[in-house]
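Just so you know, these numbers come straight off a predicted model, no measurement behind them.
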Amino acid sequence: MSIAPQTASRDIDHTIYDLRKKMARITGEPVAAMAPASASAQPASAPSPFAEPASAPSSSPSPAPTPAPRFGHITTLPSPPWLERAVDMGGIPRAMVTAVADCPAVHVELLVAATRAGSCVAVVGYPHLALAAVDAAGGDLERMMVIPDPAPHAGAVLGTLVESLDMVFYRPVKNASPTFTRPVEARLHKSRCALVVSGHAWPKVQLNIDAHVVGIRGLGRGSGRVRGVEVDGRVWGKSQPPRSFHAVVGATSSFMVDATPEPQEIAR
C-alpha cells in the first residue's frame with residue numbers, strides 16, 4: 001500500500017503550520033487561532049522554507065494600520081500617491097488580483113507604501129527583491145515576510161497568506177492556470193488581502209498596472225546619486241478606464257507628474 005499521499009498531506013500540514021507561525025509574528029494574531037485543525041503538533045526540527053527580512057530590533061511600537069480608503073464597495077490598500085491619483089478607486093483593491101509590470105522600482109514603491117502605513121505583507125517567489133531598497137525608502141521590514149520559493153505547495157501557501165495578511169506580492173514561475181488560481185481566489189474574495197502578481201499572467205485580474213523606467217534623477221556626468229526614478233505607465237481594468245501616467249518614484253519622493261485619460265472608442 002502506498003503511503004505517498006499521507007506523507008504529502010503531513011508535509012503540507014507542516015508547511016502551513018510553519019507559515020502561520022511566521023504570519024503570527026507580524027500580525028500579532030495568536031498561533032493557536034491560526035493553526036489548521038490537522039496540525040496537531042509543531043514540526044520538531046524541520047528546516048523552514050521561509051525567510052524573514054533581517055531588521056534591527058525596534059523599541060517603538062509598529063504603527064497602527066491606516067484605514068483603507070473605499071471606492072463604492074471596494075476597499076483599497078495604502079498605495080503610493082502617484083498610483084492613488086492614477087487609479088479611480090484610489091489604490092490597489094483588496095480581495096482582488098492586481099497585475100503589475102516587471103518593474104522593480106514600482107515593486108519597491110508598492111511594498112514601501114503598504115508597510116509604512118502599517119499593513120502586513122508577504123513576498124512570495126521573489127528571492128531577488130531588493131529588501132535594502134525597501135528599507136531605505138521608508139518601508140517597515142518588520143511588517144514583511146519573505147518566502148523565496150513556495151514550491152511544491154505554492155497554491156496552499158498563497159491560500160493561507162491571503163486569509164490573514166493585507167497584501168501578498170507573488171511572482172509565479174510560469175503563467176498561472178485556472179485550476180491553480182480558483183482555490184486561491186475563493187479565499188482571496190472572502191478576505192481583506194490584496195493579491196499582486198508580477199512576471200507571469202494570472203487569468204482573472206481586476207486592475208492592470210504597466211510601467212517602465214524612462215529616466216533617472218540626481219545623477220550628473222560622473223557624479224551625484226539617484227534621487228528618483230522616472231516611470232511612464234498605464235492603468236486599466238474591469239472598473240478602471242485606461243489612463244496613462246508619468247511619475248517619479250524613489251527613496252526621497254514619490255509623486256505624480258501627469259495622468260492622462262485615454263480616448264474611449266464610441267460605440268456605433
Side-chain angles (χ1 to χ4, degrees), residues 16 19-31 33-34 50-53 55 58 61-84 87 89-100 106-126 129 131 133-135 137-147 150 154-172 181 183-198 202 205-207 209 237 254:
I16 297 305
L19 179 60
R20 289 179 185 274
K21 288 196 303 178
K22 303 292 185 184
M23 293 163 60
R25 294 181 187 178
I26 64 173
T27 63
E29 185 176 347
V31 180
M34 303 175 71
F50 310 124
E52 294 178 86
S55 59
S58 175
S62 298
T66 301
R70 289 183 174 273
F71 179 79
H73 66 286
I74 300 175
T75 58
T76 58
L77 192 73
S79 303
W82 56 266
L83 184 61
E84 292 178 348
V87 178
M89 67 183 72
I92 301 291
R94 294 178 183 262
M96 298 177 185
V97 182
T98 296
V100 181
V106 170
H107 300 170
V108 169
E109 280 283 296
L110 297 179
L111 295 170
V112 168
T115 58
R116 185 163 51 194
S119 298
C120 297
V121 175
V123 179
V124 184
Y126 200 167
L129 172 68
L131 292 174
V134 176
D135 184 46
D140 186 352
L141 297 185
E142 293 185 356
R143 291 276 179 174
M144 289 180 59
M145 61 184 298
V146 178
I147 304 170
V157 168
L158 290 176
T160 301
L161 291 170
V162 300
E163 288 183 321
S164 300
L165 299 182
D166 296 297
M167 175 184 178
V168 174
F169 194 108
Y170 178 47
R171 284 180 63 90
T181 62
V184 176
E185 291 178 348
R187 295 188 179 190
L188 175 68
H189 296 329
K190 297 177 182 178
S191 75
R192 297 185 67 256
C193 181
L195 177 57
V196 179
V197 180
S198 182
W202 190 278
V205 174
Q206 175 72 20
L207 177 67
I209 304 172
S254 299

Look only at the side chain of [X] and the backbone of [Y], and say whether a donor-acceptor pair between them is shorter than 3.5 Å.
X	Y	value
Ser79	Glu84	no
Arg116	Ala137	yes
Thr115	Arg143	no

In Å, rounded to the nearest 0.5 Å, how long is the span from [atom1] of [X] to [atom2] of [Y]?
X	Y	atom1	atom2	answer
Leu83	Ile209	CG	CD1	4.5 Å
Ile147	Phe169	CD1	CZ	14.0 Å
Leu165	Met23	CG	CE	4.5 Å
Glu185	Met96	CD	CE	11.0 Å
Thr160	Arg20	OG1	CZ	5.0 Å

Mind listing the closest non-hydrogen atom pair of [X] and [Y] along with its distance?
X	Y	result
Pro172	Ser198	CD-O, 3.5 Å
Ala186	Lys190	O-CG, 3.5 Å
Gly91	Leu207	O-CD2, 4.1 Å
Ala194	Ile92	CB-CG2, 3.6 Å
Ser191	Ala95	O-CB, 3.3 Å
Asp166	Cys120	OD2-N, 2.8 Å

- Message: Going by side-chain contact (heavy atoms from CB on, under 4.5 Å), name the residues that satisfy it together with Ala114, two or more places apart in sequence or in a different chain.
- Response: Leu77, Ser119, Val121, Met167
Please tell me if the side chains of [X] and [Y] come closer than 4.5 Å, counting only heavy atoms from C-beta onward.
X	Y	answer
Val146	Leu129	no
Cys193	Val168	yes
Pro150	Leu158	no
Met144	Ile26	no

- Query: Taking it one step at a time, do Trp82 and Val106 satisfy side chain to side chain contact (heavy atoms under 4.5 Å, CB included)?
  - Reply: CA-CA 11 Å; Trp82 56 266; Val106 170; 3.9 Å; yes
- Message: Walk me through whether His107 and Arg171 qualify under side chain to side chain contact (heavy atoms under 4.5 Å, CB included).
- Response: CA-CA 11 Å; His107 300 170; Arg171 284 180 63 90; 3.8 Å; yes
- Message: So if I apply the side chain to side chain contact (heavy atoms under 4.5 Å, CB included) rule between Val97 and each of Val184, Thr181, Leu195, Val162, which one comes out positive?
- Response: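 Looking at Val184, Thr181, Leu195, Val162, the match for Val97 under the side chain to side chain contact (heavy atoms under 4.5 Å, CB included) is Leu195.
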